[in-house]
Each structure stands twice: as structure tokens, then as C-alpha cells.
There are 2 protein chains.
Amino acid sequence: MFSKSTEYALRAVLYIAKYSSADKKIGIETVSTAVGSPKSFTAKVLQKLTKNNCLINSVSGPNGGFFLTEEAKKTSMLRILEILEEEHVITKCVLGLQECSDVNPCPMHNRYKLIKPLLIDMFENKSIQDVLNELTDSSITLIDVQDIRITHK
Amino acid sequence: MFSKSTEYALRAVLYIAKYSSADKKIGIETVSTAVGSPKSFTAKVLQKLTKNNCLINSVSGPNGGFFLTEEAKKTSMLRILEILEEEHVITKCVLGLQECSDVNPCPMHNRYKLIKPLLIDMFENKSIQDVLNELTDSSITLIDVQDIRITHK
DNA sequence: ATAATTAAGGACAAATATATCCTTAATTAT
DNA sequence: ATAATTAAGGATATATTTGTCCTTAATTAT
């Protein structure tokens, strides 16, 4: 559904939010190893999320790394998609038509318009904090089993 | 959501199903112009759907082209995704985890598992013929407004 | 038979996404 | 101040997707 960039971003943000704080920042090495994503590539994706200045914070230098403020943890999962400009994956026409709407629908429109709001809600009505709460349940995971075997730089 | 290949394929198949029959085949030029997709690229995508030998039929030569049998029109929209191997777009883990299931869920799993069956149903429980029936309603379209201005080869 | 038409398919080109590497800048610890 | 650590960011590489072009094969009309 989403691009790899976005998958990595979602996992990385959740991991950072979970295992860090302003006191205990977490480095890209740790993050990328934990969520099974290539280090340098993940770094680039996270840069996009630090620039907006309202989701991830980062600090250079020793004991530096990434972290989320308590305020930032209240952000919805949808916000991550917005910043990465991947909302369209959910919102656009299933057949790829530019002009697909209630007045000018594609043949799938009337069915998809029932599902689209549920998909949006799944991200909008779920904050990062909500995910963190779930993650206290040890059966819920962010680790990518397959990729974790590969050595990333 | 889907790749351009798949978007083109979905639109092209529907157009061919609608405007052709064993008597009146339709050429790639007409199809690609109608649905606003690049001609040669669309041709390649349709080849995948003719090879399986059970969805699109094609005939070379004058008055040749593509068509669907009445039987083929009973095929579900999901079948198109299956042949193009794009089912995973709907079925795989939202966070891209290899191992994401009820026993080993990602933090989005329990929400997405309510929506996934609806997405599958949207394609599975909708035949090409169903779409054709809708297309008799003139407000429903397959034409891509933006792309149609571009000259494709 | 010949010419014309049309899909199949190979080869290649361009664009985009993914991934890596290296240098710089910022910060901290000593 | 100096050295060490870590993110930022530029440059480049690789892979994949998208798109084009040309030749071949199949079919039909004359």
C-alpha cells in the first residue's frame, strides 16, 4: 500500500516515540536495526519528519539522537502520512482517474467511498501515543523479521 | 494505492469489456486513447492479461484487437489484481512487516484487519459485468481527464 | 500470393524509488 | 581547546517502474 520510505518512517517514528524521551535520545543505528530498515535511507526519511519541526526532534553530538516530546506523541498517525505526502495513497481514485468524485465517479467510486473514510479514520483517529499504549502488550511488534537478518549500513 | 500499470489495466479491461465483443474487437490505440494511458505501455500490461488465457482475448490482423467473452465478463475485479500480482497492496501489513498476523500483530493490525476484508470484498464481490452495468449510467466514467490531453504513442 | 493491419515481444530509454557513502555541522565530554 | 559522537545533507549508485521504438508474427482483405 505505502512506499517503503513511508513504511520505514511509520515504524521508525513509533520506535523512537516508544523508546526515547528528551532525556534519552535514540540514534539512527539503533532505530534502523530495531525496525529492520536500511540505516542511511531511514536517516533521510527521518530528516523529512524533523524539518517540519513539529513531529520528531533531533540533536547532534554525543548522547544525541531522535526523540518525540510528549506533545508530539499526541500527533495522529495520519500526520506522518501528510508530511511524507502519502495521503493520496488512501484518498485518490482507485482507478487513478484525476477527476473522480460523487458527481463524476469511476465505476469503483461508490464502493470505495464507503471504505476510504475508514482508512482515513484508522490513521486520523489514532495517535502515536495510542500505538505506544498498545506496544506495552508484548505480543505487538515493530520488528521486521525478514529484513533484520540483513546487514544494513 | 495501485501502480500505474494496474490502474491502466483496470481501466483498459473495463473499457474493452464495455465496448467490444467477439464480433467487434477493439484496438490498443482506441483503448489507450479512451482511458488516457500510454499506448505501448498499456499494450504490455494487457499482454499479461491475455497470456493467462482466461481474461482478455486478442486477435492479430485487420479487424483484430482485444475482447472479452461473456464468460470472461463474469470474472471478478479481484482476478485482475491477482494476475497482475497486486493483491498484496491490499493484503499485506500496513507497516510493511513480513510477520504480521493475529498472533504477531503490528500496532495497526487490529484496526486494519477490520478494513482489509472490505477492500477485498470491493474487488472480489464485483464482476467486470457489474461494472459494465454501472457504466450504462452516463455519469460514470473511465476517462482520465488530465492524461487525455497528452499525446501518447 | 500480396499487401495491409494489428498484437506480441525484444530492446532500449527515462523517470522515480531505494540504497549507500562521504563530508560537514552541531553538540558533548574530557 | 580538542577529540569524539551523532545528525544533516550532498553526491552517487542501484533497482524498479514507467514509457518508447522497432521488428516479428498472425490474421485478414484484396
Side-chain angles (χ1 to χ4, degrees), chain A residues 1-9 11-12 16 20 22-33 35-53 55-68 84-86 88-89 96 144 147 150-153, chain B residues 1-9 11-12 16 20 22-33 35-53 55-68 84-86 88-89 96 144 147 150-153:
Chain A
M1 179 170 273
F2 298 112
S3 66
K4 288 200 177 189
S5 310
T6 297
E7 290 174 353
Y8 297 157
R11 302 211 299 267
I16 294 164
S20 73
D23 296 340
K24 190 192 161 210
K25 292 156 204 109
I26 189 160
I28 188 63
E29 180 82 49
T30 310
V31 174
S32 59
T33 301
V35 305
S37 61
K39 180 178 144 185
S40 294
F41 189 66
T42 307
K44 291 254 190 279
V45 179
L46 291 185
Q47 276 176 38
K48 293 185 194 170
L49 297 167
T50 52
K51 277 188 180 165
N52 274 270
N53 218 28
L55 191 65
I56 300 183
N57 290 86
S58 68
V59 178
S60 288
N63 296 313
F66 300 91
F67 69 98
L68 271 79
L84 300 177
E85 290 171 307
E86 285 257 306
H88 70 91
V89 171
D144 195 28
D147 288 354
I150 303 166
T151 320
H152 294 296
K153 297 223 173 159
Chain B
M1 178 170 272
F2 298 113
S3 65
K4 289 203 176 192
S5 309
T6 297
E7 290 174 352
Y8 297 158
R11 303 211 299 266
I16 294 164
S20 73
D23 296 339
K24 187 192 162 211
K25 292 153 203 112
I26 189 159
I28 187 65
E29 180 81 52
T30 310
V31 173
S32 59
T33 302
V35 305
S37 62
K39 182 178 142 183
S40 294
F41 189 66
T42 308
K44 291 253 191 282
V45 180
L46 291 184
Q47 278 175 37
K48 292 186 194 168
L49 297 167
T50 53
K51 276 187 180 163
N52 273 272
N53 218 29
L55 190 65
I56 300 183
N57 290 87
S58 68
V59 178
S60 289
N63 296 315
F66 300 91
F67 70 98
L68 271 79
L84 300 177
E85 291 171 308
E86 286 258 305
H88 70 93
V89 170
D144 194 27
D147 287 357
I150 303 164
T151 319
H152 293 298
K153 297 224 173 157

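All chains are named by letter (A, B, ...) in the order of the sequence lines, taking the proteins before the strands, and each is independently numbered beginning at 1. A quick note: this is a predicted structure, and the numbers were derived from the prediction, not measured.
- Rounded to a whole Å, the NZ atom of A/Lys24 is 18 Å from the P atom of C/dT28.
- Within the 4.0 Å cut-off from OP1 or OP2 of D/dT18, not a single side-chain nitrogen or oxygen of B/Tyr8 is found.
- Remark: A/Phe2 pairs with A/Phe123 by the ring pair (Phe, Tyr, Trp, His ring centres under 6.0 Å) rule, at least two apart or across chains.
- In this structure, the side chain to side chain contact (heavy atoms under 4.5 Å, CB included) partners of A/Ser3, at least two apart in sequence or on a different chain, are A/Ser5, A/Thr6, A/Glu86.
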Base-contact (B) and sugar-phosphate-only (S) positions in nucleotides 6-17 of chain D, heavy-atom cut-off under 4.0 Å, - elsewhere:
BSBBBB------

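- B/Phe66 places a side-chain heavy atom less than 4.5 Å from the side chain of B/Ile28.
- A heavy-atom distance below 4.5 Å is found between the side chains of A/Tyr8 and A/Pro38.
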Residues 57-64 of chain B, side-chain donor-acceptor partners within the protein, below 3.5 Å, at least two apart:
none

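- Closest non-hydrogen pair, A/Asp144 versus B/Gly96, comes out as OD1-O, 3.8 Å.
- The distance from atom NZ of B/Lys25 to atom C1' of C/dT5 is 13 Å, rounded to the nearest whole Å.
- Closest of all the heavy-atom pairs between A/Ile26 and A/Ser20 is CG2-CB, 3.8 Å.
- Secondary-structure annotation of DNA chain D gives the stems C:1-30 with D:1-30, with a stem taken as at least 3 successive Watson-Crick or G-U pairs whose two distances both fall under 3.5 Å.
- The closest side-chain heavy-atom distance from A/Thr42 to A/Val35 is not below 4.5 Å.
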